[in-house]
Student: 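Just dropping this structure here.
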Amino acid sequence: AYEHGHWTSQQRDFTVKQIVKQISEQDNSKLIIKVHPSSSILTDYSSIVDQIDNNIPIYQKGTIDEYLKDIDVIVTSPFSSTAEIYALLAHKRIIICNFFEQDFEDQLIEHGVAVSCKKPSSLIDSIQKALNSESYEQQRENFIKNFLYEWDGNSSKRIADKLLDILEKS
């Protein structure tokens with residue numbers, strides 16, 4: 001069975017285990033886990049994580065933006081969600097782990113605002129690459145301008161104005 005239509009539970013378990021293992025081996029890092037979507041079964045994650053380090057907090061409730069203030073990097077799977085967009089808007093670096101080399105095109109990676117990680121052993125290097133990228137902020141601004149337009153709270157007004165223009169011309 002596929003987890004949320006994208007990957008098997010075995011792939012999910014392997015990915016979670018490898019991410020937790022790689023990051024928990026680092027002295028200068030702290031890992032928090034936000035289960036997404038919140039409909040996931042928490043014990044599926046805690047049974048894996050607790051075997052490696054039972055001090056890692058796992059959160060199921062709440063939205064991703066509640067946790068972004070406490071992190072530098074978001075590590076996620078290769079299936080885009082709003083979590084990556086929230087991270088991008090919050091100036092957080094993004095790592096997309098595609099350990100099974102599933103065929104997908106990710107706009108965030110293609111436009112330099114996320115780093116791809118295809119092997120668990122490369123995760124720490126991928127995190128360092130993302131954190132040390134000198135072009136991230138410029139690429140981030142370009143991505144927001146090109147794909148999200150403006151982050152000014154007026155998108156609904158622009159859509160309504162455009163619809164009125166179209167109606168007036170017809």
Side-chain angles (χ1 to χ4, degrees), residues 1-9 11-12 15-16 19 23 30-42 44-45 57-118 122-123 125-170:
Y2 282 90
E3 176 85 1
H4 310 295
H6 300 298
W7 55 358
T8 67
S9 57
Q11 289 172 317
R12 178 208 55 213
T15 300
V16 169
I19 291 169
I23 294 175
K30 177 185 171 193
L31 178 65
I32 62 170
I33 296 174
K34 168 63 175 94
V35 176
H36 182 75
S38 56
S39 61
S40 296
I41 300 170
L42 189 62
D44 287 351
Y45 292 83
I58 305 172
Y59 300 102
Q60 185 172 28
K61 304 289 185 216
T63 59
I64 190 69
D65 57 307
E66 296 173 41
Y67 303 98
L68 288 174
K69 69 182 181 327
D70 297 324
I71 66 166
D72 297 316
V73 176
I74 180 172
V75 179
T76 186
S77 66
F79 309 107
S80 294
S81 73
T82 54
E84 288 126 356
I85 299 302
Y86 277 103
L88 183 71
L89 295 171
H91 299 263
K92 304 302 178 176
R93 307 306 171 97
I94 303 165
I95 309 298
I96 299 177
C97 294
N98 187 7
F99 298 152
F100 301 97
E101 297 191 36
Q102 292 155 312
D103 190 26
F104 81 107
E105 292 181 26
D106 192 289
Q107 294 295 315
L108 298 173
I109 293 170
E110 288 182 19
H111 290 88
V113 293
V115 173
S116 175
C117 180
K118 294 187 178 184
S122 300
L123 180 58
D125 289 340
S126 297
I127 291 171
Q128 290 303 319
K129 179 180 178 183
L131 288 171
N132 295 324
S133 172
E134 293 181 16
S135 60
Y136 173 77
E137 284 301 326
Q138 184 61 52
Q139 290 169 314
R140 180 189 161 278
E141 286 177 28
N142 291 341
F143 186 89
I144 290 171
K145 181 180 175 191
N146 293 330
F147 292 94
L148 304 177
Y149 189 60
E150 290 184 35
W151 187 249
D152 61 1
N154 294 317
S155 58
S156 296
K157 181 183 179 333
R158 279 192 292 277
I159 291 170
D161 289 346
K162 192 55 114 176
L163 288 172
L164 286 174
D165 285 349
I166 291 169
L167 289 173
E168 288 174 0
K169 292 177 183 177
S170 7

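All figures in this text were calculated on a predicted structure; none of them were measured in a lab.
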Student: Would you compute the distance between atom CG of L108 and atom CD1 of I95 and round it to the nearest 0.5 angstrom?
Tutor: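 One gets 11.5 Å once the value is rounded to the nearest 0.5 Å.
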Student: Tell me every residue that passes ring-ring contact (aromatic ring centres under 6.0 Å, His included) with F147, counting only those two or more places apart in sequence or in another chain.
Tutor: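 F147 satisfies ring-ring contact (aromatic ring centres under 6.0 Å, His included) with H111, F143 only.
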Student: What are the two closest heavy atoms between C97 and V75, and how far apart are they?
Tutor: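 In terms of heavy atoms, the two residues are closest at SG-CG1, 3.5 Å.
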Student: Does the Q138 side chain pair with the main chain of S135, one donor and one acceptor, at a distance under 3.5 Å?
Tutor: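 No; zero donor-acceptor contacts below 3.5 Å.
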Student: Using side chain to side chain contact (heavy atoms under 4.5 Å, CB included), reason through I23 and I127 one step at a time and then give a plain yes or no.
Tutor: CA-CA 10 Å; I23 294 175; I127 291 171; 4.2 Å; yes
Student: State which residues pass side-chain hydrogen bond (donor to acceptor under 3.5 Å, both in side chains) with E141; sequence neighbours excluded, sorted by chain then number.
Tutor: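 Residues passing side-chain hydrogen bond (donor to acceptor under 3.5 Å, both in side chains) with E141: none at all.
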Student: Pair R12, Y45 - check side chain to side chain contact (heavy atoms under 4.5 Å, CB included), show working.
Tutor: CA-CA 9 Å; R12 178 208 55 213; Y45 292 83; 3.4 Å; yes
Student: Report the C-alpha distance between D106 and S116 in whole Å, list the side-chain angles of each, state the deciding distance to 0.1 Å, and finish with yes or no for side chain to side chain contact (heavy atoms under 4.5 Å, CB included).
Tutor: CA-CA 9 Å; D106 192 289; S116 175; over 6 Å; no
Student: By side-chain hydrogen bond (donor to acceptor under 3.5 Å, both in side chains), which residues pair with Q128, not counting sequence neighbours?
Tutor: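 Partners of Q128 by the side-chain hydrogen bond (donor to acceptor under 3.5 Å, both in side chains) criterion come out as none, since no residue qualifies.
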Student: Keeping the roles fixed (side chain from K92, backbone from L68), state whether a donor-acceptor pair exists under 3.5 Å.
Tutor: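 Present.
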Student: Taking only residues two or more places apart in sequence, or in another chain, which ones meet E66 in a salt bridge (Lys or Arg N to Asp or Glu O under 4.0 Å)?
Tutor: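 With sequence neighbours excluded, E66 shows a salt bridge (Lys or Arg N to Asp or Glu O under 4.0 Å) to no residue whatsoever.
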Student: Rounded to the nearest 0.5 Å, how far does OH of Y86 lie from CD1 of I74?
Tutor: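 If we round to the nearest 0.5 Å, I74:CD1 and Y86:OH are 12.0 Å apart.
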Student: Please enumerate all residues that pass side chain to side chain contact (heavy atoms under 4.5 Å, CB included) together with Y136, with sequence neighbours excluded.
Tutor: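 Partners of Y136 under the side chain to side chain contact (heavy atoms under 4.5 Å, CB included) test: L88, R93, V113, S133, R140.
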Student: Any side-chain heavy atom of T82 sitting closer than 4.5 Å to one from I64?
Tutor: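 Answer no - side chains too far apart.
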Student: So, taking the atom named CD1 in I32 and the one named CG in D70, what distance separates them when rounded to the nearest 0.5 Å?
Tutor: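 Taking CD1 in I32 and CG in D70, the distance rounds to 5.5 Å.
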Student: Between the main-chain N or O of I58 and the side-chain N or O of K34, is there a donor-acceptor pair closer than 3.5 Å?
Tutor: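 Answer holds: no.
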Student: Check side chain to side chain contact (heavy atoms under 4.5 Å, CB included) between S122 and all other residues, then give those that pass, not counting sequence neighbours.
Tutor: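 Result, side chain to side chain contact (heavy atoms under 4.5 Å, CB included) vs S122: C117, K119, S126.
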